[in-house]
Amino acid sequence: MGPHPAVAAIRLAVRRVLHDVLTPTSPASVPPVPSGATGRPPLVLVACSGGADSMALASALAFEAPKLGIRAGGVTVDHGLQDGSDLRAAEVVSRLAAFGLDPVEAVTVAVGREGGPEAAARDARYAALDAAAERHGAAAILLGHTRDDQAETVLLGLARGSGIRSLSGMAVASGRDGRYRRPFLGLDRQTARKACMVQSLPVWDDPHNADPAYTRSRVRHEALPVLEKALGKGVVEALARTAQLSRDDADALDGWAAAVEPSVRDDSGALEAAKLFALPPAVRRRVLRRAAISAGSPAGSLFARHIEEVDRLITGWRGQGAINLPGRVAVRRQGGRLVLRQG
C-alpha cells in the first residue's frame, strides 16, 4: 500500500524540484547546480519554522534526497520576537536531525524596523538563509510557501498597486542563481497539514499568523474568506493562476526592455528622451527602472510611483526639476537626455 495521497503529493513536488536542481528540465530553468569543489554530492537545505508547511517539506526532503544522491540539511531562523523562541528553535533543530538531515542549525537574527515588522523580519530571515547557504556550500534552499501563500501575495501586490510584476507573486526559483526553490506553490496549505497529520509530525502554529496586527494575517483570515463567500470557492486557485500568467507577461516585457535599452542610449550611454517616448509605456518604464537600479537605487525600495514620476520627464515634460529616488539617486532631463546621478 502506497503513502497517503497528501504525503505522495508533497514527495512528488519535492522530487521534481530536486531533479531540476540536478538537471534543468526546460530552457527557462536556472542553471544546473554542480557538485562542490571536493566532488561531494550537492547539498540542499530546507528552511523550517516548525509549522505544517515547512515540516511537511523537511520530511519529504529527507525521504527523497537520498534516492537522488543529494545531501539534505535544514536551517531554522529564530527571529527573537516571542518569548521562548530560542527553545522552539532548538526543538525544530532536534526534529530535523531526527529526520536524518545533516547539517542542521538554528540561526538567531536581529530584526530591525525598516519597512515595517513583516518586511524587516523577512529581510533578516533571507539574510540569515543566504549566509547559511554560503557557510555550508548549499546548492539550494527549499521554502514551504504554498498556493495559499501565493494567493495572499497576489492580493497584497494588488493592494499596493505596484504593477504586473507585483501581481506575479513568488517565483518557483528565485534569489542568486535560483538558490531559493518553492516546491509547494501548486499545493494548498491543507495538503501539507494533512501530510503532517498522517505522519504524526508535530507542528507549531505561529501566533503571528493569526495576529490582525500583521497585514498578511488580515488577508488570510479576513480578506480571502470574504472573497470566497462573495465569489465562491476557487478564489485561491484563480489568484495563483493569475500570478503565473502575470509572471509570464512580466518576464516577456522585462526581456523586451533589456533588449531595447542599448538602442535608446546615445554614444555616451545617456538615455535619449525622444527614443524613450517612442517605446510602449510598459517597456519604457522597465527601461527607466533598470536605469535607476544601475544608478544605485535599491530595487526593493523602488516603487511604481517613483518610476511614474521619472516617466513624466519623458511624457509630460514642462521644465520640471529633478526627481529624487531611493538610494539618493537624482534624475533630471537635460538637453533631451535623462541624467541619473547618485549622491
Side-chain angles (χ1 to χ4, degrees), residues 17 20 24-32 115 119 122-123 126 130 140 143 145 149-151 153-182 185-186 239-266 269-315 323 325-327 329 331 337-338 340 342:
V17 167
D20 199 44
T25 56
S26 72
S29 299
V30 297
R122 182 177 61 250
D123 290 345
Y126 277 100
D130 279 333
L143 304 176
H145 296 125
D149 296 308
Q150 185 74 299
T153 301
V154 172
L155 276 183
L156 289 167
L158 183 63
R160 286 193 296 265
S162 299
I164 193 171
R165 176 57 71 186
S166 188
L167 293 181
S168 66
M170 296 175 285
V172 171
S174 65
R176 197 182 78 178
D177 297 327
R179 166 179 287 164
Y180 293 106
R181 311 294 178 102
R182 298 176 176 86
L185 287 184
L239 288 170
R241 187 164 59 252
T242 295
Q244 184 56 58
L245 293 172
S246 298
R247 182 167 296 280
D248 292 343
D249 290 349
D251 287 346
L253 289 168
D254 286 347
W256 187 354
V260 78
E261 183 176 348
S263 69
V264 297
R265 292 186 181 273
D266 63 14
L271 292 167
E272 298 188 65
K275 292 181 178 179
L276 284 168
F277 184 83
L279 294 176
V283 178
R284 180 175 63 244
R285 289 169 184 159
R286 280 167 167 77
V287 172
L288 295 176
R289 177 179 172 82
R290 287 169 56 88
I293 293 171
S294 295
S297 193
S301 302
L302 199 58
F303 301 134
R305 58 183 173 82
H306 296 127
I307 303 305
E308 289 170 1
E309 290 181 24
V310 176
D311 194 42
R312 279 194 284 272
L313 295 177
I314 306 298
T315 62
I323 304 299
L325 301 178
V329 171
V331 188
R337 291 168 175 79
L338 287 190
L340 296 90
Q342 190 175 39

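This one's a predicted model, so the numbers in the text were calculated from it and none came from an experiment.
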Would a distance-only check, ignoring hydrogens and angles, find a side-chain to backbone donor-acceptor pair under 3.5 Å from Arg289 to Leu302? yes
Within the 4.5 Å heavy-atom criterion, are Leu279 and Trp256 side-chain neighbours or not? no
May I ask you to say whether Lys275 pairs ionically with Asp266, meaning some side-chain N is under 4.0 Å from a carboxylate O? no
Distance col, row Thr315:OG1 vs Glu308:CD, nearest 0.5 angstrom, shows 10.0 Å
Is the shortest heavy-atom distance from the side chain of Gln342 to the side chain of Val329 under 4.5 Å? yes
Output the distance between atom CD1 (Ile314) and atom CG (Leu271), rounded to the nearest 0.5 Å. 7.5 Å
Note: Ala257 and Val287 closest approach over all heavy atoms is O-CG2, 3.8 Å
For the CG atom of Leu340 and the CD1 atom of Ile293, what is their distance to the nearest 0.5 Å? 11.5 Å
Examine distances only and state if a side-chain atom of Arg247 and a backbone atom of Ser168 form a donor-acceptor pair shorter than 3.5 Å. yes
Is any side-chain N of the basic residue among Asp254 and Arg165 closer than 4.0 Å to the acidic one's carboxylate O? yes
So how far is it from Leu167 CG to Leu156 CG, rounded to the nearest 0.5 Å? 11.0 Å
Do you know which two heavy atoms are closest between Ala259 and Pro262, and how far apart they sit? O-CD, 3.5 Å
Correct closest heavy-atom pair for Ala243 and Gly169 would be CB-N, 4.4 Å
Any donor and acceptor pair, going by atom type alone, linking the side chain of Arg182 with main-chain N or O of His145 inside 3.5 Å? no
CD/Glu261 to CG/Leu276 distance, rounded to the nearest 0.5 angstrom? 9.0 Å
Gln150 side chain to Met170 backbone, donor-acceptor under 3.5 Å: yes
So which atom in Leu313 and which in Val331 form the shortest heavy-atom distance, rounded to 0.1 Å? CD1-O, 3.8 Å
Of all heavy-atom pairs linking Ser297 and Pro326, the shortest is OG-O, 2.7 Å
From CD1 (Ile164) to CG (Leu253), nearest 0.5 Å: 6.5 Å
Side-chain contact test, heavy atoms from C-beta onward, threshold under 4.5 Å: evaluate it for Asp130 versus Tyr180 and give yes or no. yes
